[in-house]
Amino acid sequence: MLVSTNVSYNIFAKYIEQEDIFNDKKTLSSSFIPQKISHRDAELNQMGSILAPALKGYHPNNIFVYGTCGTGKTICTKFIISHLQEIIKQSGKSLRSVYINCKMKKVADTEYRLFAQLLKEMGECVPDTGLPTDVLYRRFFERVDSKPSTLIIILDEIDALVKKVGDDFLYNLTRINQELKRSHITIIGITNDLSFRDNLDLRVKSSLSEEEILFKPYNAVQLRDILMERADGGFRPGVVSDTVLGKCAALAAQEHGDARRALDLLRVAGELAERAGEPSIAENHIDMAQQKLDMDRVTETVRGQPSQSQAVLYSIIKCQEKADNQKAWTDKRLLTGDVFDNYLAVCKAGGMKPLTQRRISDLIGELDMLGIITAKVISKGRYGRTRDISLAVKEEPLAKIKTLLQERFG
DNA sequence: AGTCCACAGGAAGGGCAGGCGA
DNA sequence: TCGCCTGCCCTTCCTGTGGACT
(Lines give C-alpha, C1' and ligand atoms only; values in the text may rest on other atoms or scores of the structure.)
Protein backbone atom coordinates (compact mmCIF):
# COMPACT_ATOMS: atom_id res chain seq x y z
CA MET A 1 0.00 0.00 0.00
CA LEU A 2 2.84 2.29 1.02
CA VAL A 3 4.76 1.34 -2.11
CA SER A 4 1.80 2.09 -4.33
CA THR A 5 1.39 5.51 -2.68
CA ASN A 6 5.07 6.24 -3.26
CA VAL A 7 4.84 5.17 -6.89
CA SER A 8 1.76 7.37 -7.43
CA TYR A 9 3.61 10.21 -5.81
CA ASN A 10 6.65 9.71 -8.06
CA ILE A 11 4.56 9.45 -11.20
CA PHE A 12 2.47 12.55 -10.61
CA ALA A 13 4.93 14.69 -8.64
CA LYS A 14 6.50 16.35 -11.68
CA TYR A 15 3.07 17.16 -13.12
CA ILE A 16 2.02 18.80 -9.85
CA GLU A 17 5.16 20.90 -9.74
CA GLN A 18 5.19 21.66 -13.47
CA GLU A 19 3.76 25.01 -14.50
CA ASP A 20 0.65 24.78 -16.64
CA ILE A 21 1.18 26.09 -20.18
CA PHE A 22 -2.55 26.30 -20.93
CA ASN A 23 -4.65 29.16 -19.71
CA ASP A 24 -8.09 28.09 -20.99
CA LYS A 25 -7.93 24.98 -23.15
CA LYS A 26 -11.50 25.15 -24.41
CA THR A 27 -10.61 28.36 -26.29
CA LEU A 28 -8.47 26.16 -28.55
CA SER A 29 -11.31 23.81 -29.37
CA SER A 30 -12.83 24.10 -32.86
CA SER A 31 -16.32 24.08 -31.33
CA PHE A 32 -15.63 27.10 -29.12
CA ILE A 33 -17.57 30.19 -30.21
CA PRO A 34 -15.43 33.30 -29.67
CA GLN A 35 -16.71 36.82 -28.98
CA LYS A 36 -15.50 37.96 -32.38
CA ILE A 37 -15.06 36.01 -35.61
CA SER A 38 -12.27 37.33 -37.83
CA HIS A 39 -12.26 37.44 -41.64
CA ARG A 40 -15.91 36.48 -41.97
CA ASP A 41 -17.58 39.92 -41.85
CA ALA A 42 -19.14 39.67 -45.30
CA GLU A 43 -20.60 36.22 -44.67
CA LEU A 44 -21.93 37.19 -41.22
CA ASN A 45 -23.54 40.34 -42.62
CA GLN A 46 -25.12 38.37 -45.45
CA MET A 47 -26.50 35.76 -43.06
CA GLY A 48 -27.70 38.47 -40.69
CA SER A 49 -29.57 40.30 -43.45
CA ILE A 50 -31.35 37.10 -44.50
CA LEU A 51 -32.38 36.25 -40.93
CA ALA A 52 -33.26 39.83 -39.93
CA PRO A 53 -37.02 39.48 -40.78
CA ALA A 54 -37.26 37.18 -37.74
CA LEU A 55 -36.72 40.28 -35.56
CA LYS A 56 -40.12 41.58 -36.70
CA GLY A 57 -41.81 38.23 -36.53
CA TYR A 58 -41.63 37.53 -40.27
CA HIS A 59 -40.46 34.31 -41.88
CA PRO A 60 -36.78 34.44 -42.95
CA ASN A 61 -35.81 32.57 -46.12
CA ASN A 62 -34.09 29.20 -45.92
CA ILE A 63 -30.31 29.33 -46.30
CA PHE A 64 -27.75 26.97 -47.76
CA VAL A 65 -24.22 27.55 -46.51
CA TYR A 66 -21.44 26.14 -48.69
CA GLY A 67 -17.70 25.80 -48.10
CA THR A 68 -14.93 23.26 -47.57
CA CYS A 69 -13.94 21.84 -44.14
CA GLY A 70 -12.87 24.32 -41.46
CA THR A 71 -13.98 27.48 -43.28
CA GLY A 72 -16.13 28.64 -40.37
CA LYS A 73 -19.58 27.69 -41.72
CA THR A 74 -20.86 26.06 -38.53
CA ILE A 75 -19.29 28.48 -36.09
CA CYS A 76 -20.58 31.54 -37.99
CA THR A 77 -24.07 30.05 -38.16
CA LYS A 78 -24.13 29.30 -34.44
CA PHE A 79 -22.64 32.73 -33.71
CA ILE A 80 -25.30 34.63 -35.66
CA ILE A 81 -28.16 32.52 -34.29
CA SER A 82 -27.09 33.08 -30.69
CA HIS A 83 -26.93 36.85 -31.31
CA LEU A 84 -30.31 36.82 -33.00
CA GLN A 85 -31.80 34.86 -30.10
CA GLU A 86 -30.39 37.36 -27.61
CA ILE A 87 -31.92 40.35 -29.42
CA ILE A 88 -35.28 38.64 -29.94
CA LYS A 89 -35.38 37.62 -26.27
CA GLN A 90 -34.94 41.27 -25.26
CA SER A 91 -37.93 42.23 -27.39
CA GLY A 92 -40.09 39.65 -25.63
CA LYS A 93 -40.58 37.48 -28.72
CA SER A 94 -39.53 33.86 -29.12
CA LEU A 95 -36.99 32.21 -31.39
CA ARG A 96 -36.12 28.55 -31.05
CA SER A 97 -33.18 26.91 -32.78
CA VAL A 98 -32.12 23.31 -33.15
CA TYR A 99 -28.68 22.22 -34.36
CA ILE A 100 -28.30 18.73 -35.80
CA ASN A 101 -25.21 17.16 -37.33
CA CYS A 102 -26.60 14.84 -40.00
CA LYS A 103 -23.33 12.93 -40.31
CA MET A 104 -23.49 11.65 -36.72
CA LYS A 105 -24.29 7.96 -36.92
CA LYS A 106 -27.42 6.92 -35.03
CA VAL A 107 -28.44 10.57 -34.60
CA ALA A 108 -29.86 11.87 -37.86
CA ASP A 109 -28.82 9.47 -40.60
CA THR A 110 -32.41 8.49 -41.46
CA GLU A 111 -35.64 10.46 -41.83
CA TYR A 112 -37.06 8.83 -38.69
CA ARG A 113 -33.96 9.65 -36.65
CA LEU A 114 -33.90 13.23 -37.92
CA PHE A 115 -37.44 13.92 -36.68
CA ALA A 116 -36.84 11.93 -33.49
CA GLN A 117 -33.75 14.08 -32.84
CA LEU A 118 -35.63 17.30 -33.63
CA LEU A 119 -38.31 16.34 -31.11
CA LYS A 120 -35.71 15.34 -28.49
CA GLU A 121 -33.94 18.68 -28.93
CA MET A 122 -37.29 20.36 -28.35
CA GLY A 123 -37.78 18.48 -25.10
CA GLU A 124 -40.01 15.60 -26.26
CA CYS A 125 -39.34 12.01 -25.34
CA VAL A 126 -39.15 9.84 -28.48
CA PRO A 127 -38.09 6.16 -28.79
CA ASP A 128 -35.17 5.33 -31.09
CA THR A 129 -37.39 3.06 -33.22
CA GLY A 130 -40.89 1.72 -33.16
CA LEU A 131 -43.15 4.62 -34.16
CA PRO A 132 -44.49 5.19 -37.68
CA THR A 133 -42.76 8.17 -39.34
CA ASP A 134 -46.05 10.00 -39.91
CA VAL A 135 -46.69 9.92 -36.15
CA LEU A 136 -43.37 11.71 -35.66
CA TYR A 137 -44.34 14.27 -38.31
CA ARG A 138 -47.62 14.92 -36.51
CA ARG A 139 -45.92 15.24 -33.10
CA PHE A 140 -43.30 17.57 -34.58
CA PHE A 141 -46.00 19.70 -36.22
CA GLU A 142 -47.97 19.98 -32.96
CA ARG A 143 -44.86 20.80 -30.98
CA VAL A 144 -43.73 23.55 -33.38
CA ASP A 145 -47.20 25.08 -33.56
CA SER A 146 -47.78 24.88 -29.81
CA LYS A 147 -46.77 28.54 -29.39
CA PRO A 148 -46.18 31.44 -31.80
CA SER A 149 -42.48 31.55 -32.66
CA THR A 150 -39.81 31.09 -35.30
CA LEU A 151 -37.97 27.78 -35.35
CA ILE A 152 -34.56 27.70 -37.02
CA ILE A 153 -33.35 24.21 -37.88
CA ILE A 154 -29.62 24.02 -38.60
CA LEU A 155 -28.79 20.85 -40.53
CA ASP A 156 -25.01 20.47 -40.63
CA GLU A 157 -23.60 18.13 -43.31
CA ILE A 158 -27.06 18.07 -44.90
CA ASP A 159 -25.62 16.45 -48.05
CA ALA A 160 -24.87 13.27 -46.05
CA LEU A 161 -28.52 12.92 -45.06
CA VAL A 162 -29.84 13.69 -48.55
CA LYS A 163 -27.40 11.17 -50.04
CA LYS A 164 -28.68 8.53 -47.64
CA VAL A 165 -32.44 9.07 -47.52
CA GLY A 166 -33.19 11.32 -50.48
CA ASP A 167 -34.55 14.88 -50.44
CA ASP A 168 -38.19 14.09 -49.57
CA PHE A 169 -37.72 15.17 -45.94
CA LEU A 170 -36.77 18.68 -47.15
CA TYR A 171 -39.97 18.83 -49.18
CA ASN A 172 -41.97 17.58 -46.19
CA LEU A 173 -40.42 20.22 -43.92
CA THR A 174 -41.40 22.98 -46.33
CA ARG A 175 -44.92 21.49 -46.61
CA ILE A 176 -45.22 21.53 -42.79
CA ASN A 177 -44.28 25.21 -42.93
CA GLN A 178 -47.24 25.98 -45.18
CA GLU A 179 -49.64 24.30 -42.76
CA LEU A 180 -48.35 25.92 -39.56
CA LYS A 181 -50.74 28.53 -38.19
CA ARG A 182 -48.81 30.17 -35.35
CA SER A 183 -45.16 29.47 -36.15
CA HIS A 184 -42.78 29.08 -39.04
CA ILE A 185 -39.64 27.08 -39.74
CA THR A 186 -36.44 28.30 -41.38
CA ILE A 187 -33.93 25.70 -42.52
CA ILE A 188 -30.22 26.43 -42.60
CA GLY A 189 -28.44 23.66 -44.50
CA ILE A 190 -24.65 23.47 -44.15
CA THR A 191 -22.65 21.44 -46.66
CA ASN A 192 -19.17 20.87 -48.08
CA ASP A 193 -20.67 19.81 -51.39
CA LEU A 194 -20.76 22.79 -53.72
CA SER A 195 -22.99 20.95 -56.20
CA PHE A 196 -25.48 19.94 -53.49
CA ARG A 197 -28.33 22.13 -54.74
CA ASP A 198 -27.92 20.97 -58.35
CA ASN A 199 -28.67 17.39 -57.33
CA LEU A 200 -31.94 18.23 -55.56
CA ASP A 201 -35.29 17.33 -57.06
CA LEU A 202 -36.90 20.25 -58.99
CA ARG A 203 -39.98 20.05 -56.74
CA VAL A 204 -37.77 20.45 -53.63
CA LYS A 205 -35.76 23.28 -55.16
CA SER A 206 -38.84 25.32 -55.93
CA SER A 207 -40.42 24.72 -52.51
CA LEU A 208 -37.25 25.65 -50.62
CA SER A 209 -36.84 29.19 -52.07
CA GLU A 210 -33.50 29.43 -50.32
CA GLU A 211 -30.57 31.84 -50.37
CA GLU A 212 -26.95 30.74 -50.70
CA ILE A 213 -23.81 31.81 -48.85
CA LEU A 214 -20.35 30.64 -49.90
CA PHE A 215 -17.47 30.41 -47.41
CA LYS A 216 -14.10 30.60 -49.13
CA PRO A 217 -11.06 28.84 -47.59
CA TYR A 218 -8.87 30.91 -45.26
CA ASN A 219 -5.37 31.82 -46.46
CA ALA A 220 -2.26 31.41 -44.28
CA VAL A 221 -2.35 35.05 -43.11
CA GLN A 222 -6.00 34.81 -42.03
CA LEU A 223 -5.36 31.49 -40.27
CA ARG A 224 -2.47 33.07 -38.43
CA ASP A 225 -4.74 35.87 -37.18
CA ILE A 226 -7.32 33.36 -36.00
CA LEU A 227 -4.68 31.28 -34.21
CA MET A 228 -3.22 34.37 -32.58
CA GLU A 229 -6.61 35.35 -31.15
CA ARG A 230 -7.28 31.87 -29.84
CA ALA A 231 -3.73 31.44 -28.49
CA ASP A 232 -4.13 34.69 -26.52
CA GLY A 233 -6.88 33.17 -24.44
CA GLY A 234 -5.78 29.54 -24.63
CA PHE A 235 -2.14 29.70 -23.54
CA ARG A 236 -0.19 31.51 -20.86
CA PRO A 237 1.96 34.42 -22.12
CA GLY A 238 5.23 33.41 -23.80
CA VAL A 239 4.17 29.83 -24.57
CA VAL A 240 3.51 30.34 -28.29
CA SER A 241 5.91 32.16 -30.59
CA ASP A 242 5.14 33.84 -33.92
CA THR A 243 7.17 31.14 -35.69
CA VAL A 244 5.00 28.40 -34.20
CA LEU A 245 1.79 30.19 -35.14
CA GLY A 246 3.12 30.76 -38.67
CA LYS A 247 4.00 27.10 -39.08
CA CYS A 248 0.59 25.91 -37.88
CA ALA A 249 -1.13 28.35 -40.20
CA ALA A 250 1.05 27.36 -43.18
CA LEU A 251 0.41 23.64 -42.67
CA ALA A 252 -3.35 24.16 -42.31
CA ALA A 253 -3.41 26.47 -45.33
CA GLN A 254 -1.97 23.60 -47.38
CA GLU A 255 -5.00 21.56 -46.30
CA HIS A 256 -7.53 23.81 -48.08
CA GLY A 257 -7.34 26.60 -45.47
CA ASP A 258 -8.79 24.45 -42.72
CA ALA A 259 -9.04 26.48 -39.48
CA ARG A 260 -10.17 23.42 -37.53
CA ARG A 261 -6.96 21.63 -38.50
CA ALA A 262 -4.88 24.69 -37.52
CA LEU A 263 -6.49 24.79 -34.06
CA ASP A 264 -6.10 21.04 -33.56
CA LEU A 265 -2.41 21.29 -34.50
CA LEU A 266 -1.80 24.09 -32.03
CA ARG A 267 -3.73 22.42 -29.20
CA VAL A 268 -2.08 19.01 -29.65
CA ALA A 269 1.36 20.64 -29.97
CA GLY A 270 0.65 22.37 -26.64
CA GLU A 271 -0.31 19.06 -25.03
CA LEU A 272 2.87 17.40 -26.32
CA ALA A 273 5.02 20.26 -25.04
CA GLU A 274 3.31 20.08 -21.67
CA ARG A 275 3.84 16.32 -21.43
CA ALA A 276 7.52 16.77 -22.28
CA GLY A 277 7.79 19.30 -19.47
CA GLU A 278 8.70 22.12 -21.87
CA PRO A 279 7.73 25.69 -20.89
CA SER A 280 6.81 26.62 -24.50
CA ILE A 281 5.85 25.09 -27.84
CA ALA A 282 8.68 24.45 -30.32
CA GLU A 283 8.46 23.75 -34.08
CA ASN A 284 9.14 20.04 -33.57
CA HIS A 285 6.01 19.84 -31.39
CA ILE A 286 4.00 20.95 -34.43
CA ASP A 287 5.54 18.18 -36.56
CA MET A 288 4.78 15.63 -33.84
CA ALA A 289 1.25 16.99 -33.49
CA GLN A 290 0.67 16.59 -37.22
CA GLN A 291 1.81 12.95 -37.11
CA LYS A 292 -0.31 12.28 -34.03
CA LEU A 293 -3.44 13.79 -35.56
CA ASP A 294 -3.04 11.70 -38.73
CA MET A 295 -2.39 8.58 -36.71
CA ASP A 296 -5.30 9.11 -34.32
CA ARG A 297 -7.79 9.89 -37.05
CA VAL A 298 -7.01 6.75 -39.04
CA THR A 299 -6.65 4.28 -36.18
CA GLU A 300 -9.80 5.48 -34.45
CA THR A 301 -11.74 5.21 -37.71
CA VAL A 302 -10.52 1.64 -38.25
CA ARG A 303 -11.18 0.68 -34.66
CA GLY A 304 -14.76 1.87 -34.98
CA GLN A 305 -15.50 -0.22 -38.07
CA PRO A 306 -17.57 -3.43 -37.92
CA SER A 307 -15.54 -6.64 -38.05
CA GLN A 308 -16.47 -7.40 -41.67
CA SER A 309 -15.10 -4.03 -42.80
CA GLN A 310 -11.97 -4.65 -40.78
CA ALA A 311 -11.59 -8.04 -42.46
CA VAL A 312 -11.86 -6.40 -45.88
CA LEU A 313 -9.26 -3.80 -44.94
CA TYR A 314 -6.94 -6.50 -43.60
CA SER A 315 -7.33 -8.36 -46.90
CA ILE A 316 -6.40 -5.21 -48.82
CA ILE A 317 -3.29 -4.73 -46.67
CA LYS A 318 -2.28 -8.38 -47.21
CA CYS A 319 -2.88 -8.14 -50.95
CA GLN A 320 -0.84 -4.95 -51.14
CA GLU A 321 2.05 -6.61 -49.30
CA LYS A 322 1.89 -9.60 -51.61
CA ALA A 323 1.91 -7.35 -54.66
CA ASP A 324 4.89 -5.39 -53.31
CA ASN A 325 6.89 -8.55 -52.48
CA GLN A 326 6.22 -10.62 -55.59
CA LYS A 327 8.44 -9.49 -58.43
CA ALA A 328 6.50 -11.73 -60.80
CA TRP A 329 3.39 -9.69 -60.11
CA THR A 330 3.88 -7.33 -63.03
CA ASP A 331 0.57 -5.53 -62.63
CA LYS A 332 0.67 -4.27 -59.06
CA ARG A 333 -2.91 -3.04 -59.14
CA LEU A 334 -5.29 -4.53 -56.56
CA LEU A 335 -8.66 -5.43 -58.00
CA THR A 336 -11.98 -6.24 -56.31
CA GLY A 337 -11.61 -9.92 -57.25
CA ASP A 338 -8.13 -10.19 -55.64
CA VAL A 339 -9.39 -8.55 -52.45
CA PHE A 340 -12.47 -10.78 -52.33
CA ASP A 341 -10.38 -13.97 -52.73
CA ASN A 342 -8.09 -12.84 -49.93
CA TYR A 343 -11.08 -11.86 -47.81
CA LEU A 344 -12.48 -15.40 -48.14
CA ALA A 345 -9.14 -16.77 -46.88
CA VAL A 346 -9.15 -14.30 -43.96
CA CYS A 347 -12.69 -15.38 -43.03
CA LYS A 348 -11.77 -19.04 -43.23
CA ALA A 349 -8.70 -18.54 -41.04
CA GLY A 350 -10.64 -16.46 -38.53
CA GLY A 351 -13.72 -18.70 -38.49
CA MET A 352 -15.96 -15.92 -39.80
CA LYS A 353 -18.94 -16.36 -42.08
CA PRO A 354 -18.02 -14.62 -45.35
CA LEU A 355 -20.33 -12.09 -46.99
CA THR A 356 -21.14 -12.01 -50.69
CA GLN A 357 -19.04 -10.19 -53.26
CA ARG A 358 -21.89 -7.71 -53.75
CA ARG A 359 -21.70 -6.72 -50.08
CA ILE A 360 -17.88 -6.59 -50.12
CA SER A 361 -18.14 -4.22 -53.07
CA ASP A 362 -20.19 -1.87 -50.88
CA LEU A 363 -17.76 -2.20 -47.97
CA ILE A 364 -14.88 -1.31 -50.29
CA GLY A 365 -16.87 1.76 -51.30
CA GLU A 366 -17.38 2.70 -47.65
CA LEU A 367 -13.64 2.37 -46.87
CA ASP A 368 -12.99 4.63 -49.85
CA MET A 369 -15.47 7.19 -48.49
CA LEU A 370 -13.63 7.14 -45.14
CA GLY A 371 -10.37 7.97 -46.91
CA ILE A 372 -8.61 4.82 -45.73
CA ILE A 373 -8.28 3.41 -49.25
CA THR A 374 -8.83 4.77 -52.73
CA ALA A 375 -10.98 2.66 -55.04
CA LYS A 376 -11.31 3.88 -58.60
CA VAL A 377 -13.57 2.14 -61.11
CA ILE A 378 -11.52 1.08 -64.14
CA SER A 379 -12.12 -1.01 -67.21
CA LYS A 380 -9.64 -3.68 -68.24
CA GLY A 381 -11.21 -4.13 -71.62
CA ARG A 382 -12.30 -7.65 -72.33
CA TYR A 383 -10.99 -8.58 -68.88
CA GLY A 384 -13.84 -6.70 -67.34
CA ARG A 385 -14.72 -3.71 -65.27
CA THR A 386 -13.50 -3.55 -61.69
CA ARG A 387 -12.03 -1.26 -59.07
CA ASP A 388 -8.38 -0.29 -58.79
CA ILE A 389 -7.79 -0.34 -55.02
CA SER A 390 -4.88 1.14 -53.08
CA LEU A 391 -4.19 2.12 -49.49
CA ALA A 392 -4.50 5.83 -48.78
CA VAL A 393 -2.81 5.99 -45.37
CA LYS A 394 0.79 6.86 -44.65
CA GLU A 395 3.39 4.35 -43.40
CA GLU A 396 3.19 5.00 -39.67
CA PRO A 397 -0.60 4.86 -39.26
CA LEU A 398 -0.60 1.88 -41.61
CA ALA A 399 1.79 -0.05 -39.36
CA LYS A 400 -0.44 0.68 -36.38
CA ILE A 401 -3.57 -0.42 -38.26
CA LYS A 402 -1.82 -3.59 -39.37
CA THR A 403 -0.90 -4.50 -35.80
CA LEU A 404 -4.44 -3.79 -34.72
CA LEU A 405 -5.95 -6.00 -37.43
CA GLN A 406 -3.33 -8.73 -37.01
CA GLU A 407 -4.38 -9.14 -33.39
CA ARG A 408 -7.94 -9.63 -34.63
CA PHE A 409 -7.43 -11.77 -37.77
CA GLY A 410 -3.76 -12.74 -37.93
C1' DA B 1 -18.64 -3.59 -85.50
C1' DG B 2 -19.65 -7.06 -82.46
C1' DT B 3 -18.30 -9.87 -78.55
C1' DC B 4 -16.85 -10.62 -74.06
C1' DC B 5 -15.35 -10.14 -69.36
C1' DA B 6 -15.58 -8.94 -64.42
C1' DC B 7 -17.39 -6.55 -62.13
C1' DA B 8 -20.39 -1.94 -60.54
C1' DG B 9 -24.39 -0.73 -58.71
C1' DG B 10 -29.68 -0.45 -58.47
C1' DA B 11 -33.90 -2.69 -56.80
C1' DA B 12 -36.40 -5.72 -54.11
C1' DG B 13 -37.00 -8.28 -50.33
C1' DG B 14 -35.72 -11.41 -46.13
C1' DG B 15 -34.53 -11.71 -41.36
C1' DC B 16 -33.58 -9.67 -37.17
C1' DA B 17 -33.96 -6.56 -33.09
C1' DG B 18 -36.52 -3.27 -30.73
C1' DG B 19 -40.49 -0.02 -29.39
C1' DC B 20 -45.43 1.01 -29.19
C1' DG B 21 -50.27 0.28 -28.39
C1' DA B 22 -54.31 -2.63 -27.94
C1' DT C 1 -48.75 -11.37 -25.94
C1' DC C 2 -49.34 -10.02 -30.58
C1' DG C 3 -49.43 -7.24 -34.64
C1' DC C 4 -47.45 -3.39 -36.64
C1' DC C 5 -44.06 -0.22 -37.25
C1' DT C 6 -39.10 1.15 -37.67
C1' DG C 7 -33.85 0.75 -38.98
C1' DC C 8 -30.18 -2.10 -40.28
C1' DC C 9 -27.53 -5.59 -42.57
C1' DC C 10 -27.52 -8.64 -45.82
C1' DT C 11 -28.61 -11.63 -50.19
C1' DT C 12 -30.37 -12.36 -54.73
C1' DC C 13 -31.28 -10.94 -59.13
C1' DC C 14 -30.69 -8.07 -62.57
C1' DT C 15 -28.96 -4.52 -66.02
C1' DG C 16 -25.26 -1.59 -67.35
C1' DT C 17 -20.51 -0.47 -68.53
C1' DG C 18 -16.15 0.38 -71.11
C1' DG C 19 -12.34 -0.98 -73.37
C1' DA C 20 -9.48 -5.10 -75.19
C1' DC C 21 -9.96 -8.53 -78.32
C1' DT C 22 -11.66 -10.82 -82.63
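Just so it is clear, the model here is predicted, and its values are computed rather than measured. Below, read A as the first sequence line, B as the second, and so on, with proteins coming before strands; counting in each chain starts at 1.
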Trainee: Measure the distance from CZ on Phe340(A) to P on dT11(C) and round it to the nearest whole Å.
Mentor: 9 Å
Trainee: From NZ of Lys376(A) over to P of dA8(B), roughly how many Å is that when rounded to an integer?
Mentor: 15 Å
Trainee: Report the residues that fulfil salt bridge (Lys or Arg N to Asp or Glu O under 4.0 Å) with Arg40(A), sequence neighbours left out, ordered by chain and then residue number.
Mentor: Glu43(A)
Trainee: So, using side-chain contact (heavy atoms from CB on, under 4.5 Å) as the criterion, who are the partners of Leu363(A) when residues are at least two apart?
Mentor: Gln308(A), Ser309(A), Val312(A), Leu355(A), Arg359(A), Ile360(A), Glu366(A)
Trainee: Can you give me every donor-acceptor pair (side chain of residues 393-406 of chain A, partner residue at least two apart or in another chain, under 3.5 Å) with its distance?
Mentor:
residue, atom, partner, partner atom, Å
Lys394(A), NZ, Asp294(A), OD2, 3.4
Lys402(A), NZ, Glu321(A), OE2, 2.5
Thr403(A), OG1, Ala399(A), O, 2.8

Trainee: Check the distance between dA8(B)'s C1' and Leu363(A)'s CG and give it to me in whole angstrom.
Mentor: 14 Å
Trainee: Once you round it to whole Å, what is the distance between C1' of dC9(C) and CD of Gln308(A)?
Mentor: 10 Å
Trainee: Let me know the distance between NZ of Lys380(A) and C1' of dA8(B), rounded to the nearest Å.
Mentor: 16 Å
Trainee: Residues in side chain to side chain donor-acceptor pair (under 3.5 Å) with Asn192(A), at least two apart?
Mentor: Lys73(A)
Trainee: Write down the distance between CD (Glu366(A)) and C1' (dA8(B)), rounded to a whole number of angstrom.
Mentor: 15 Å
Trainee: Each nucleotide in nucleotides 1-7 of chain B should get exactly one letter: B, S or -. Can you fill that in based on protein heavy atoms under 4.0 Å?
Mentor: ---BBBB
Trainee: For His39(A), check ring-ring contact (aromatic ring centres under 6.0 Å, His included) against everything at least two apart and list the hits.
Mentor: none
Trainee: Which whole-number value in Å describes the distance from Arg358(A) CZ to dA8(B) C1'?
Mentor: 7 Å
Trainee: Counting side-chain heavy atoms from CB outward, which of dG9(B), dC10(C), dG19(C) is closest to Ser379(A)?
Mentor: dG19(C)
Trainee: How far does CG of Asp232(A) sit from CG of Asn23(A), to the nearest 0.5 angstrom?
Mentor: 9.5 Å
